[in-house]
**Student:** 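Pasting a structure below so you can have a look.
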Number of protein chains: 2
Amino acid sequence: MGLTVGEVASLASVSVRTLHHYDDIGLLSPSERSEGGYRHYGDDDLATLQQVLFFRELGFGLGDIARIMHDPSFDRLEALRMQRRMLKDKSAQLGHMIEAVEAALDATEGGVTLDAKDMFEAFGDFDPKKHEKEAEDRWGGTPAYAESMRRTKRYTKEDWTQIKAEGEAVNAAMAALMDEGVPSDDPRALDLAEEHRLQIDKWFYPCSQEIHVGLGQMYVMDPRFAQNYEKVRVGLAQYMREAIEANAERAK
Amino acid sequence: MGLTVGEVASLASVSVRTLHHYDDIGLLSPSERSEGGYRHYGDDDLATLQQVLFFRELGFGLGDIARIMHDPSFDRLEALRMQRRMLKDKSAQLGHMIEAVEAALDATEGGVTLDAKDMFEAFGDFDPKKHEKEAEDRWGGTPAYAESMRRTKRYTKEDWTQIKAEGEAVNAAMAALMDEGVPSDDPRALDLAEEHRLQIDKWFYPCSQEIHVGLGQMYVMDPRFAQNYEKVRVGLAQYMREAIEANAERAK
DNA sequence: GTAGACCCTGACGTAACGTCAGGGTCAAGG
DNA sequence: CCTTGACCCTGACGTTACGTCAGGGTCTAC
């Protein structure tokens, strides 16, 4: 089961090449491959594709879309709500543009020349400009965000899968310690915390111990991040935070 | 008088580079240059830019836009009416997309997976696909149209100015003969008609005598083309047609 | 009359695919 | 069981619509 590229392509009115491209850049890699190497898209993949297409319609670059959707704090519901708002805005903007066309029609028919400023009003406040900041506020906005943006821009499909694998490895190891009843200030937990820090440092932005501690606090306080750990093991976010703080203390 | 690139850019919310680009490809060359070489955009240029931006918003490629607007039969009023229709269609499509987002929201909140077909309906019938044909019917649609498309695709700014110059030269010469009272079957008129045919042959598509005669008829019957000649001299369209027919007869 | 803001023309870079080329895969039918 | 036509794969280069310098003139305001 699962649809082939061609089927998905005609379903979503995109080209096969587009799906290949999205796979190449790691934006949408089908969850399955046949033994012959054929891509097979499942329901989840289709849902992801739909998201991508909404963002694309709104003028987001593929790189931005990838960054938003790969973000550990990405939330589908919230994204959909934002997309709804932005699509409505765009609809309103289109309305203005229609008015502008009608004004131009009236003016041309009447032989009048209308004010230059009015002619281009509708082209002004475009979606990306207006909402990019919102997306940033919501999904980024930290001081190190710019650096992270810059680096992740070039990441390939393989990079993303490795990032995911490395992250999950640490999470699993940390959860295992929790299961064993190992306290969060145990050296083994601290080592894992350090590894976690180095991963961020390596993949996203220079992550000092201070920043790492800040991150740890956010893991507990911000439900978007917390969920990412809580879904592995209840209480893991808090455990991580403690391990991170102990590790920072040890490093002094 | 006339605005500089920077002024137009901020007015229309496009980059300076975009205006340079449009100039390079001959899509929008400002009607004036300062002695220092500065571009100066007048009211007509702004109106053209607005047209271009409407077409662009509708998903037309710059090459297509150039071809539409350089067409001798291009009519601003009609273009505006078409744009209005297309913008309204796009608005409706956006409405469907909003519905799709809301459906996705409901499904996600309710934990349901919805039908794959419904998910992508809104992405289907896109403007360019749907209306490209209309534009073709209206502005092209002749048998030789494809060839014309293919060739004009690569034309640069210089090409277009030369095409325009050559065309106007023939028109002016033809009008001069008319003014002198020279009959339309005079050899001089036939020579000009032949030159006219060769110009089309050279720049747009292989133009046989038969096709040329057909064109001549259209110049009289189709007001879009007729206007292009009538504005040079009243009666020129008819005069051209006669000269073209006589020339075709002579060539036999 | 000179500084700072703005403009010019190349020329190379980039994003998001389009478009082959060369070669496997797969389900239906003989 | 094997073939055949429709479909898929991975490179790799092409295209569109600009972005982004670099190196150098222009213009106006103090």
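We use all heavy atoms of the structure for the numbers below, so side chains are in, but hydrogens, waters and symmetry mates are not. Keep in mind it's a predicted model, so treat the numbers as computed, not measured. Below, chain A is the first sequence line, B the second, and so on; all start at residue 1.
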**Student:** In terms of relative ring orientation, are B:F55 and B:F60 parallel, tilted or perpendicular, with 30° and 60° separating the classes?
**Tutor:**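 Answer is perpendicular, since the angle exceeds 60°.
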
**Student:** Side-chain N or O of A:H20 versus OP1/OP2 of D:dC9: is the shortest distance under 4.0 Å?
**Tutor:** yes

**Student:** Does A:S15 or A:E35 map to a spot on DNA chain C nearer the 5' end, using the closest nucleotide for each?
**Tutor:**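 Closer to the 5' end of DNA chain C: A:S15.
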
**Student:** Ignoring backbone atoms, test whether A:T4 places a side-chain nitrogen or oxygen under 4.0 Å from the OP1 or OP2 oxygen of D:dC7.
**Tutor:**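 No, because none of the side-chain N or O atoms of A:T4 sits under 4.0 Å from OP1 or OP2 of D:dC7.
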
**Student:** Side-chain donor-acceptor pairs under 3.5 Å in residues 104-112 of chain B, sequence neighbours left out?
**Tutor:**
| unit_1 | atom_1 | unit_2 | atom_2 | d |
| --- | --- | --- | --- | --- |
| B:T108 | OG1 | A:R76 | NH1 | 2.7 |
| B:T108 | OG1 | B:A104 | O | 2.6 |
| B:E109 | OE2 | A:R81 | NH1 | 3.2 |

**Student:** Within this structure, what is the CG-to-P distance between A:D24 and C:dG18, rounded to whole angstrom?
**Tutor:**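 Between P of C:dG18 and CG of A:D24: 13 Å.
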
**Student:** Both B:Y38 and B:G61 contact DNA chain D. Taking the nearest nucleotide for each, which residue is further toward the 5' end?
**Tutor:**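 The residue closer to the strand's 5' end, by nearest nucleotide, is B:G61.
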
**Student:** Does OP1 or OP2 of D:dC9 have a side-chain N or O of A:S34 closer than 4.0 Å?
**Tutor:**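 Answer is no, no contact under 4.0 Å.
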
**Student:** With a 4.0 Å limit, can you tell me whether B:R56 has a side-chain N or O closer than that to the phosphate oxygens OP1/OP2 of D:dA17?
**Tutor:** no

**Student:** Do side-chain atoms of B:K90 reach the backbone of A:L94 as a donor and acceptor pair under 3.5 angstrom?
**Tutor:**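 Not confirmed, B:K90 side chain does not pair with A:L94 backbone.
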
**Student:** State which residues pass ring-ring contact (aromatic ring centres under 6.0 Å, His included) with B:Y41; sequence neighbours excluded, sorted by chain then number.
**Tutor:** none

**Student:** Atom NE2 of A:H21 to atom P of C:dT14: distance rounded to whole Å?
**Tutor:** 14 Å

**Student:** Measuring to OP1 and OP2 of C:dG18, would you say a side-chain N or O of A:T18 lies under 4.0 angstrom away?
**Tutor:** yes

**Student:** Does A:R33 put a side-chain nitrogen or oxygen below 4.0 Å from OP1 or OP2 of D:dT10?
**Tutor:**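 Looking at the OP1 and OP2 atoms of D:dT10, one of them is under 4.0 Å from a side-chain N or O of A:R33.
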
**Student:** Should B:Y22 be listed as having a side-chain N or O under 4.0 Å from OP1 or OP2 of D:dC18?
**Tutor:**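 For D:dC18, OP1 or OP2 has a side-chain N or O of B:Y22 closer than 4.0 Å.
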
**Student:** Could you give the CD1-to-P distance, from B:I65 to D:dC18, as a whole number of Å?
**Tutor:** 9 Å

**Student:** Give the rounded distance in Å between these two atoms: CD of A:E7 and P of C:dA27.
**Tutor:** 11 Å

**Student:** Can you work out whether A:I25 or A:R17 has the more 5'-proximal nearest nucleotide on DNA chain C?
**Tutor:** A:I25

**Student:** Any non-hydrogen side-chain atom of A:M86 less than 4.5 Å from a side-chain atom of A:Q83?
**Tutor:**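 Sidechains of A:Q83 and A:M86: no contact.
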
